[in-house]
Number of protein chains: 2
Amino acid sequence: MRIGELSRETGVAVPTIKYYVREKLLPAGRLTSPNQASYDDTHVRRLRLIRGLMDVGGLSVSAVREVLAAVDSPGPVHEVLGAAQDAITPPVTARPAGMEEARRAVLELLRRRGWCIEPAHPSVEAIAVALAAFRGFGHGEFEEVLDAYAAACERIAVADLAFVGRHAEVDGIVESVVIGTVLGDAVLTAMRRLAHMDASARRYGEEGREAGEGAREVSGGPDTPS
Amino acid sequence: MRIGELSRETGVAVPTIKYYVREKLLPAGRLTSPNQASYDDTHVRRLRLIRGLMDVGGLSVSAVREVLAAVDSPGPVHEVLGAAQDAITPPVTARPAGMEEARRAVLELLRRRGWCIEPAHPSVEAIAVALAAFRGFGHGEFEEVLDAYAAACERIAVADLAFVGRHAEVDGIVESVVIGTVLGDAVLTAMRRLAHMDASARRYGEEGREAGEGAREVSGGPDTPS
DNA sequence: AGTTATGGATAGTGGCGCTCTCTGCTATCT
DNA sequence: AGATAGCAGAGAGCGCCACTATCCATAACT
């Protein structure tokens, strides 16, 4: 297919496709003549992946470039995944006070839960930054809920891994995990919002009506564990 | 205190503070003379909140402005929280195919779990967009893990609510929830990364070393039938 | 007295994600 | 054969954003 068709197929404007090719997000088409190139469905897939990462995951062009480089690189699956995650995760810029203590709390959590993580992992730092920032508000210690978050993440990770194991062909595993990570982030944060709204509606939304039924259904609700 | 001290206290450059005042993120100091103003710890708090939202939460200046407007506005707690969440949540731009079906799946999930959410909530749309985008990759249906995510979010919401209930004074509830939402997002996504890395290390990381203790604690090794 | 800090304002910076334009060509329709 | 449309490649430009730099007159400290 030619570039116009690729554009129609994916909803991405032609100049934008050219831009992505220039920026090394998308491989160039196969030249059939000095000014004709043909594209196939690998380009369609790649383009959809790019737009998914950018639009849903909010990644920048350069972050997408890194992710794709990791996806395409050969190597041990575990290391490729690590590289992809590093590319997905935006670098931490904030430098709040009290980082050492926060970092210690995170490492302690990892030890407590038996997670096998290298201590210098960027996400460890990210959590520590958030913890340290939180402390600057005097709204209590976030550490109190860390275990709940960790337990939730364990269940999520199990579901994610089972899902990937169910569906990914071997050569598509990394791409599958990347998509799942980025889109899963979006789903997870949005769903947390909904859970908050539901809880808030039950807790604070009764100001006109009587506070009654359902007010404590939250903690006992219809659990359907994986 | 004067602006220089405020700057030193918070680590925000003086011109940046002025910029925030111009942009209505921060109230101006109380003028003690035509070119002298004094700031107090409400400014320190507010400034830290701004930087937390921007640096850790990745919010834009205009989003922060909206959040702060919601935080400051009087009204029923539940509505204020809704406004704050709308401000926190970046608008969805992508328009993938298959939205109707995805939206139906989300609403079905809400019904199934008994969540009390208005169907037009932005986060519902956000989840639907992610679902629809996911389908464009042929990596299986994300709906399979939605329930696991929802169950995890219920637990998280319970922990969050309990935390807020434990610590927030009445007039600071909204601020507390906003901080918890934004920083909690950061913590949650980072922790999900760690859980993934842990699971991936157990599942794929044994390629050079012998598969030893812990290697089959996650899902039982390379079976995972489709 | 002199250095430094301040409020207020305007203009400028660098990065980002496109988008537009241009040139020279080719493919296809009539 | 001529007209029309599309394409490749490359560069310039645009609009937004979060700051940042500079300027000025005044006030504060030492």
Side-chain angles (χ1 to χ4, degrees), chain A residues 1-40 43 47 49-68 87 90-95, chain B residues 1-40 43 46-68 87 90-95:
Chain A
M1 73 176 67
R2 302 196 294 172
I3 202 173
E5 196 179 345
L6 179 61
S7 168
R8 250 167 282 123
E9 190 79 14
T10 58
V12 180
V14 169
T16 304
I17 295 176
K18 290 185 177 188
Y19 168 69
Y20 290 163
V21 172
R22 268 206 308 283
E23 294 295 322
K24 303 284 161 65
L25 300 190
L26 194 65
R30 189 176 47 84
L31 277 183
T32 60
S33 70
N35 66 333
Q36 287 290 303
S38 78
Y39 303 85
D40 53 29
H43 292 91
L47 207 37
L49 175 57
I50 293 170
R51 296 311 295 225
L53 294 178
M54 295 184 77
D55 292 344
V56 183
L59 269 64
S60 70
V61 166
S62 62
V64 171
R65 181 165 41 231
E66 284 177 57
V67 171
L68 295 177
V92 172
T93 58
R95 291 267 144 245
Chain B
M1 76 177 64
R2 302 196 296 167
I3 201 172
E5 195 179 344
L6 180 60
S7 167
R8 248 167 283 121
E9 189 80 14
T10 59
V12 180
V14 170
T16 304
I17 295 176
K18 292 184 177 184
Y19 168 69
Y20 289 164
V21 171
R22 267 200 315 281
E23 294 295 322
K24 304 283 162 64
L25 300 191
L26 195 66
R30 191 176 44 83
L31 277 182
T32 58
S33 69
N35 66 335
Q36 287 293 301
S38 77
Y39 303 84
D40 52 29
H43 293 92
R46 181 48 62 98
L47 208 37
R48 276 208 255 264
L49 174 57
I50 292 169
R51 296 310 295 222
L53 294 177
M54 296 185 78
D55 292 344
V56 184
L59 268 63
S60 69
V61 166
S62 63
V64 171
R65 181 163 43 228
E66 284 178 57
V67 172
L68 296 176
V92 172
T93 58
R95 291 266 145 244

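Naming: A, B, ... by sequence-line order, numbering from 1 per chain.
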request  = State, with a plain yes or no, whether a side-chain heavy atom of Met54(B) is found less than 4.5 Å away from one of Val61(B).
outcome  = yes

query = Roughly how many Å is it from CD1 in Ile3(B) to C1' in dT20(D), rounded to a whole number?
reply = 14 Å

query = Between dT26(D), dG17(C), dG6(D), which nucleotide has the shortest distance from any of its atoms to the side chain of Ser60(A)?
reply = dG17(C)

message = Expected output is a numbered-order residue list: members of residues 16-28 of chain B with a heavy atom under 4.0 Å from any atom of DNA chain C. What is it?
response = Lys18(B), Arg22(B)

message = For a 4.5 angstrom cut-off between non-hydrogen side-chain atoms, does Asp40(A) reach Arg30(A)?
response = no

ask   = Do we see a donor-acceptor contact under 3.5 Å between the side chains of Tyr39(B) and Arg46(B)?
value = no

inquiry  = Without decimals, in angstroms, what is the distance between Arg30(A) CZ and dC7(D) P?
reply    = 16 Å

key: Earlier contact from the 5' end, DNA chain D, for Met54(B) and Gly4(A)   = Gly4(A)

task = List in chain and number order the residues that pass salt bridge (Lys or Arg N to Asp or Glu O under 4.0 Å) with Glu5(B), two or more places apart in sequence or in another chain; answer none if no residue qualifies.
result = none

inquiry  = Could you measure the distance from the CD atom of Glu66(B) to the OG atom of Ser60(B)? Nearest 0.5 Å is fine.
reply    = 8.0 Å

task = Measure the distance from CG on Leu31(A) to C1' on dC25(C) and round it to the nearest whole Å.
result = 12 Å

ask   = Separation of Leu6(A) atom CG from dC7(D) atom C1', in whole Å?
value = 13 Å

ask   = Under 4.5 Å between any side-chain heavy atoms of Val64(A) and Tyr20(A), yes or no?
value = no

task = Taking only the side-chain heavy atoms of Gln36(A) (C-beta and beyond), determine which of dT26(D), dG6(D), dG17(C) contains the nearest atom.
result = dG6(D)

message = Distance check needed: dC16(D) P versus Arg65(B) CZ, whole Å only.
response = 14 Å

message = Could you tell me how far apart Asn35(B) (CG) and dT4(C) (P) are, to the nearest whole angstrom?
response = 18 Å

inquiry  = Within the 4.5 Å heavy-atom criterion, are Thr10(B) and His43(B) side-chain neighbours or not?
reply    = no

query = Is any side-chain heavy atom of Val67(B) closer than 4.5 Å to a side-chain heavy atom of Leu49(B)?
reply = no

inquiry  = Which is more 5' along DNA chain D, the nucleotide nearest Pro34(B) or the one nearest Pro15(B)? Just name the residue.
reply    = Pro15(B)

message = As a check on the pairing definition, encode DNA chain D in dot-bracket form, counting Watson-Crick and G-U wobble pairs whose two distances are under 3.5 Å, and using | for partners outside this strand.
response = ||||||||||||||||||||||||||||||

Sub-4.5 Å side-chain heavy-atom contact between Arg51(B) and Thr16(B) = yes

query = Roughly, in whole Å, what's the span from CD in Glu66(A) to C1' in dC16(C)?
reply = 15 Å

request  = Take the protein atom CD of Glu5(B) and the nucleotide atom P of dA5(C), then report the distance between them rounded to whole Å.
outcome  = 13 Å

